[in-house]
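We name chains A, B, ... by the order of the sequence lines, and we start the count at 1 in each one. Heavy-atom basis, side chains included; hydrogens, waters and symmetry copies ignored.
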Number of protein chains: 2
Amino acid sequence: MADRYHHGNLRQALIDAGIKIINENGEEALSLRKAAAACDVSHAAPYAHFKDKDELLEAIKKSVTDKFTGELETAVKGAGSADEALIAMGRAYISFFSRNPDYYMFLFGKQNISAHLQMNKENKEDYPPFLLLRKFYKLHLKENGIKISSEEQEIELIKTWAIVHGMASIACMKGVKTSFDWNDPDARLIT
Amino acid sequence: MADRYHHGNLRQALIDAGIKIINENGEEALSLRKAAAACDVSHAAPYAHFKDKDELLEAIKKSVTDKFTGELETAVKGAGSADEALIAMGRAYISFFSRNPDYYMFLFGKQNISAHLQMNKENKEDYPPFLLLRKFYKLHLKENGIKISSEEQEIELIKTWAIVHGMASIACMKGVKTSFDWNDPDARLIT
DNA sequence: TACTCTATCTTGACAGTGTCAAGTTTGGAG
DNA sequence: CTCCAAACTTGACACTGTCAAGATAGAGTA
């Protein structure tokens, strides 16, 4: 019989299988046993790599967040100015969740966001997408010669993030359909 | 023995027990069997009132949404103008979820929002809080003599909703703490 | 080579879950 | 008074997360 005791890369295989199950049937459908079965492995095998179900979930979230952050960074690459970058980022942000509505609740639901990221517990402001936003916001201030207090900056940052994040959130509410095309070309960011 | 076959008002009792369990231990902790036990009733009794667990969940969501909408309406009552009403509403909106962070994901997570509301399937824009916002936004335009196209109005509405909803959402992200007090007195609404 | 150690995986078990089928009770309509 | 239908109970099933105990095999050591 083949080697039933050494899968080789079970940890990653479980993450991949988990993502596939969630994509096809939603987060509710994911069970440790199904993920294990998808990897042709016994129901308790995952416990060699994850403490419990939550730990697998967190690993999957990290994987998805990495993809999300990657899309934001790609969107920013082609921008000629900080203003363009911010707009592109906002579009990419909304577009990501508009294309994958299930991911919104999966990423932001239930668990503490910092749990699945390598975030500093002391300074909790280093959520990667927010870091990217802050970076280009500061560049935007510099390029346009705007001078405001750092406190005011923080408020503006939150407002900007809130409007984009809020639009993404609303775009994911399947029950609330507005006469609004989330992917139309329309500058509606930056106060 | 007492009457074990006629609870009297089991349906409402299950909803109340469900809310209590969710408040104390989170949505995850709610099971039909626990809610039934809390009502001193057998594990299958809920099926006389709810088709399945989701139907109980929807009933609970409706109950919470009613409370939320009620708070918004109360906040609006004391306002002297539409502008004041809008600001009060925004504060109440954020305050509600800031005080009950678990409710955010409970209400907006997973299920279709329209499922637990008596919403018209044809016109999906009648989410009660949004209706309230639209009402006072139109009043705001009127009071200030602002004239813009209805299309533009809709975009402004979504933007306003998005910034408030987004702030509420961010306020509920326990892992992402910003140097921002969500309850401070500060006019930051209405574009 | 032979021997052990340890991470990895299996098997078996347990309590808890949602759900259904079938039986029991009871108030109220006829 | 009879009978019905709604409300509830009991019992069962498949499925879940989790743990304990055992099996396996590669890697290192002698």
Filtered N/O pairs between nucleotides 12-16 of chain D and protein, under 3.5 Å:
{"unit_1": "D:dT16", "atom_1": "OP1", "unit_2": "A:Ser31", "atom_2": "OG", "d": "3.2"}

Counting heavy atoms from C-beta on, name the nucleotide in D:dA25, C:dC9, D:dT10 closest to the side chain of A:His6.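 Minimum distance to the A:His6 side chain belongs to D:dA25.
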From C-beta outward on A:Tyr5, which listed nucleotide comes closest to its side chain: D:dT24, D:dT18, D:dA7? D:dT24
Mutual orientation of the aromatic rings belonging to A:His165 and A:Tyr104 [parallel < 30°, tilted 30-60°, perpendicular > 60°]: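 A:His165 vs A:Tyr104 ring planes: tilted.
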Ignoring backbone atoms, establish whether B:Tyr47 has a side-chain N or O less than 4.0 Å from OP1 or OP2 of C:dT19.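 For C:dT19, OP1 or OP2 has a side-chain N or O of B:Tyr47 closer than 4.0 Å.
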What residues, two or more places apart in sequence or in another chain, satisfy side-chain contact (heavy atoms from CB on, under 4.5 Å) together with A:Asn25?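 Here the qualifying residues are A:Ala29.
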Is the backbone N or O of B:Leu30 less than 3.5 Å from a side-chain atom of B:Lys53, with the two atoms forming a donor-acceptor pair by type? yes
Taking B:Glu143 for the side chain and B:Ala82 for the main chain, is one N or O donor matched with an acceptor at less than 3.5 Å? yes
Whole-Å distance separating the [atom1] atom of [X] from the [atom2] atom of [N]:
{"X": "A:His49", "N": "C:dC9", "atom1": "NE2", "atom2": "C1'", "answer": "8 Å"}
{"X": "A:Asn9", "N": "D:dG26", "atom1": "CG", "atom2": "P", "answer": "16 Å"}
{"X": "B:Asp52", "N": "C:dT17", "atom1": "CG", "atom2": "P", "answer": "17 Å"}
{"X": "A:Lys51", "N": "D:dG17", "atom1": "NZ", "atom2": "P", "answer": "14 Å"}
{"X": "A:Phe50", "N": "D:dC19", "atom1": "CZ", "atom2": "P", "answer": "16 Å"}

Taking the six-membered ring for Trp, are the ring centroids of A:Phe68 and A:Tyr93 within less than 6.0 Å of each other? yes
Salt-bridged, B:Arg134 to B:Glu154, with N to O below 4.0 Å?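 Salt bridge: yes.
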